[in-house]
Amino acid sequence: MSLQVVTANRLRDGIVVYLAADGGWRQRVADAALALDQGEAERLMALASAAVEARLVVDPYLIEVVEDGGLVRPSRYREVIRATGPSVETQADLPSAAE
Amino acid sequence: MTLLKGGEIVADEWAAVGDDDPVPAGPAIVSLQRWQGEREELLRRNHPVGVRLASDEASGAPGAPGVIEEISADLDRLGVVVLEFASFTDGRAYSQARLLRERYGFEGEVRAVGNVLRDQYQFMLRCGFDAFEVVDPGKLDGWREAASEIGAWYQPAADRRQSIPALRHAARGRA
Amino acid sequence: MYRYDEFDRDFVAERVEQFRGQVGRRLSGELSEEEFRPLRLLNGLYLQLHAYMLRVVIPYGMLSSRQLRMLAQVARRYDRGYGHFTTRQNIQFNWPKLEEVPDLLADLATVEMHAIQGSGNSIRNVTADQFAGVAADEVEDPRVYAEIVRQWSTLHPEFTFLPRKFKIALTGAGHDRAAVRVHDIGLAMVEDAAGEAGFEVIVGGGLGRTPMIGKTIREFLAKRDLLSYLEAILRIYNQFGRRDNKYKARIKILVHELGAEKFTELVEAEWREIKDGTLELPAEEIERIEAYFADPPYETFEADDAGYLAMLAIDGAFRRWATSNLFPHKRPGYAIVNLSLKPLDGVPGDATAAQMEAAADLADRYGFGEIRITHEQNLVLPYVAQRDLHDLWRALDEIGFATPNIGQVTDIISCPGLDFCSLASARSIPVAQRIGRRFRDLDRQFDIGELHINISGCINACGHHHVGHIGLLGVDRKGEEYYQITLGGSADENASLGEIVGPAVSYDAVVDAIEAVIAAYLEHREPDEPFIETYRRLGAEPFKESVYGKESVHDAA
């Protein structure tokens with residue numbers, strides 16, 4: 001079975017987060033708790049459901065990740081974009097936006 | 001199940017009668033099928049009768065006369081017409097309620113059942129519903145508040161409130 | 001432009017407080033996400049790939065400079081310093097926080113703006129010709145009726161939980177810039193035999209999974225009957241539109257399944273019941289709204305401005321911009337100015353707060369303080385004296401809004417795609433950027449001439465790919481981004497849907513494929529023949545051959 005982590009969006013601000021081993025939600029996929037098997041994946045999803053009830057996050061789900069040179073990254077392209085932000089230089093990255 | 005009417009929780013005098021159950025004495029709500037099959041007997045009882053219409057039944061097939069049109073001749077004999085919201089996102093009953101009120105002049109109770117929530121309450125009131133079966137009304141204050149969240153609306157509807165265009169016209173008349 | 005009176009102001013203020021309450025109940029747990037989702041969508045708030053996204057509606061694409069400044073302020077205060085203008089003349093903010101959205105909306109309300117019906121299965125923001133009121137070829141100004149429709153459709157108690165979203169567009173001109181034939185309802189202003197203006201009513205157009213050109217269900221509708229007729233259409237749709245399958249729930253499917261004739265009968269029968277009732281529009285009400293859209297205090301010019309003509313003669317770069325980005329105005333000595341939001345390697349439709357503020361200042365200085373948004377995701381200053389054009393051009397150049405590419409190959413319509421959108425299958429913006437880089441030579445663009453490339457990142461077609469002269473549809477092939485190419489689409493009065501020309505091409509190959517299509521056009525065109533005409537004359541064959549090689553054409557045949 002492939003490696004999995006749980007991701008969701010934070011309720012109050014919508015930001016992409018990942019479920020960490022300590023039950024907290026972090027913004028970096030590298031901080032996510034890795035599920036190596038089905039049982040672990042289910043346990044993480046149960047924690048995530050509790051976090052939905054506790055109004056911390058919205059719409060949690062499992063994603064596949066791969067370990068690449070010691071770094072964890074999502075395997076699907078969509079999740080890479082979710083993890084790292086838009087692949088394009090947005091107008092916000094231009095100096096004029098910061099004024 | 002709790003019945004809201006006029007912003008209050010009220011006792012439901014109407015018995016909801018299943019298709020295979022005997023019709024008790026007193027006000028009774030039956031399905032459309034039963035109403036169509038036992039119309040004469042139900043009227044002979046000398047107790048008020050109501051009809052419950054599923055969303056599909058009430059609108060009918062496009063082009064065929066809808067059930068609302070069919071029962072329109074009987075509306076003065078009916079005390080309640082029950083319209084359903086299978087989900088609060090299924091808005092057919094809004095049209096059905098307006099037709100009942102505005103086209104066929106129904107003056108009895110138009111009752112909303114199903115997924116009836118406070119965030120749709122004002123739309124329902126505007127379309128002519130005046131009774132609401134809710135699973136859990138929560139705080140009654142919330143419903144009362146919801147009834148007045150928007151003070152004036154742009155469209156004329158079944159509640160006969162003055163629309164914003166009409167209010168503007170009246171304001172110009174005064175000026 | 002339309003100004004709120006006390007009723008509009010109270011309404012929007014109440015709506016903000018209502019939504020504040022709903023957000024509060026969501027954060028407190030009284031509302032679940034399932035319950036909250038339709039409520040937030042009705043107020044334009046999505047949860048997207050990275051964050052919440054708020055779509056602020058811009059009725060018929062018309063803004064005052066004051067409103068544009070507020071959008072800039074919102075971008076800075078609540079977002080990341082920029083906004084994205086959409087194909088429905090709206091603006092989207094990509095990073096607002098749920099807990100701050102009520103305050104954001106309260107700020108917008110101070111300038112008569114809101115996000116009501118920015119999404120949801122409701123009647124969405126009404127769109128109209130971006131050149132309304134200034135186009136030289138107009139029957140009548142459609143904004144008057146767009147405003148009337150806006151008010152009628154706002155929190156309509158009967159039509160806020162429709163089978164699916166519902167889009168209405170209006171045009172008053174012979175040349176359709178509002179894409180009325182690909183909307184749920186399109187209203188095209190026409191004159192009857194007596195010279196009285198009214199509406200041709202077109203129903204059941206749309207893009208998405210099942211693209212269709214709308215059917216005319218009434219050749220002429222009198223103005224007084226506008227709202228009762230719309231109510232009749234919506235009532236038929238609300239009752240009979242399919243609710244069993246969201247992909248078959250748009251009105252186009254109902255019209256298609258019933259047949260236009262049967263659908264028309266139903267609407268007309270419903271309309272006969274309500275036509276002379278409370279929705280009849282009195283002439284007095286039409287006049288009242290018309291007054292809001294009176295001409296600005298134009299100066300009187302007899303002819304073209306001599307200084308402007310002189311600058312055209314001596315300044316080649318200015319001449320290029322004037323040729324591409326100006327449109328004829330109904331008044332002598334004035335021009336309609338398009339501000340390109342398509343810099344050659346930028347994000348189509350994006351503008352920073354600083355750019356918005358600068359554009360607002362220029363609108364005040366040169367254009368009676370008014371700005372329009374186009375469905376091609378550009379901005380327009382509708383009333384600029386020719387005398388001021390050269391100065392304006394230089395100022396626009398400084399803020400990056402003077403790319404001389406309106407209607408050309410790099411003026412690309414693009415949805416946000418997989419970079420932002422949770423529904424997307426593939427990216428759109430980087431494809432637009434790569435096309436922009438490939439065709440960055442302005443002489444080459446100019447030589448290619450009018451050519452609309454539209455890119456959607458998924459089948460929902462927010463990038464209008466079906467009606468692009470060249471359309472690209474992003475698809476996911478086993479985790480790889482591929483792009484299906486359609487040719488021959490058009491959204492104007494000769495609306496047509498593009499045809500798929502062959503297998504989808506990869507992200508890496510897509511720009512070459514576009515270039516091959518254009519090479520075939522350049523090879524086969526007749527003098528002064530635009531792309532779409534060449535395509536209509538020759539059909540797909542030479543273009544297929546150019547993209548896929550000779551054999552593929554024969555294989556396919």
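Chain A is the first sequence line, chain B the second, and so forth, proteins listed ahead of strands; every chain is numbered from 1. Excluded from the calculations below are hydrogen atoms, water molecules and symmetry mates; all remaining heavy atoms, backbone and side chain alike, are included.
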**Fill in**
Within residues 42-66 of chain A, contacts to chain C at heavy-atom distances under 4.5 Å involve R55(A), V58(A), D59(A)

**Prompt:** What's the shortest heavy-atom distance between D13(A) and A51(C), and which atoms?
**Reply:** O-CB, 4.4 Å

**Message:** What I'd like to find out is whether the side chain of E33(C) reaches to under 4.5 Å of the side chain of L11(A), using heavy atoms alone.
**Reply:** yes

**Request:** Between chain A and each of S422(C), A72(C), A75(C), P96(C), count heavy-atom pairs under 4.5 Å; write down the option with the most.
**Result:** S422(C)

**Item:** Heavy-atom closest contact (G14(A) atom, Y52(C) atom, distance)
**Value:** N-CE1, 3.2 Å

**Prompt:** What residues form a salt bridge (Lys or Arg N to Asp or Glu O under 4.0 Å) with R78(A), not counting sequence neighbours?
**Reply:** none

**Asked** Non-hydrogen atoms of chain A under 4.5 Å away: do they reach the side chain of L47(C), the backbone, both or neither?
**Response** side chain

**Item:** Any donor-acceptor pair under 3.5 Å from Y77(A) side chain to D476(C) backbone
**Value:** no

**Prompt:** Counting only heavy atoms not in E480(C), do more than 12 sit closer than 6.0 Å to its CD atom?
**Reply:** no

**Message:** If you define the side chain from C-beta out and look only at heavy atoms, does anything of I81(A) sit under 4.5 Å from R427(C)?
**Reply:** yes

**Prompt:** Is it the side chain or the backbone of R82(A) that comes within 4.5 Å of chain C heavy atoms, both, or neither?
**Reply:** both

**Message:** As an exercise: rank E100(C), H50(C), Q48(C) by heavy-atom pairs under 4.5 Å with chain A and give me the winner.
**Reply:** H50(C)

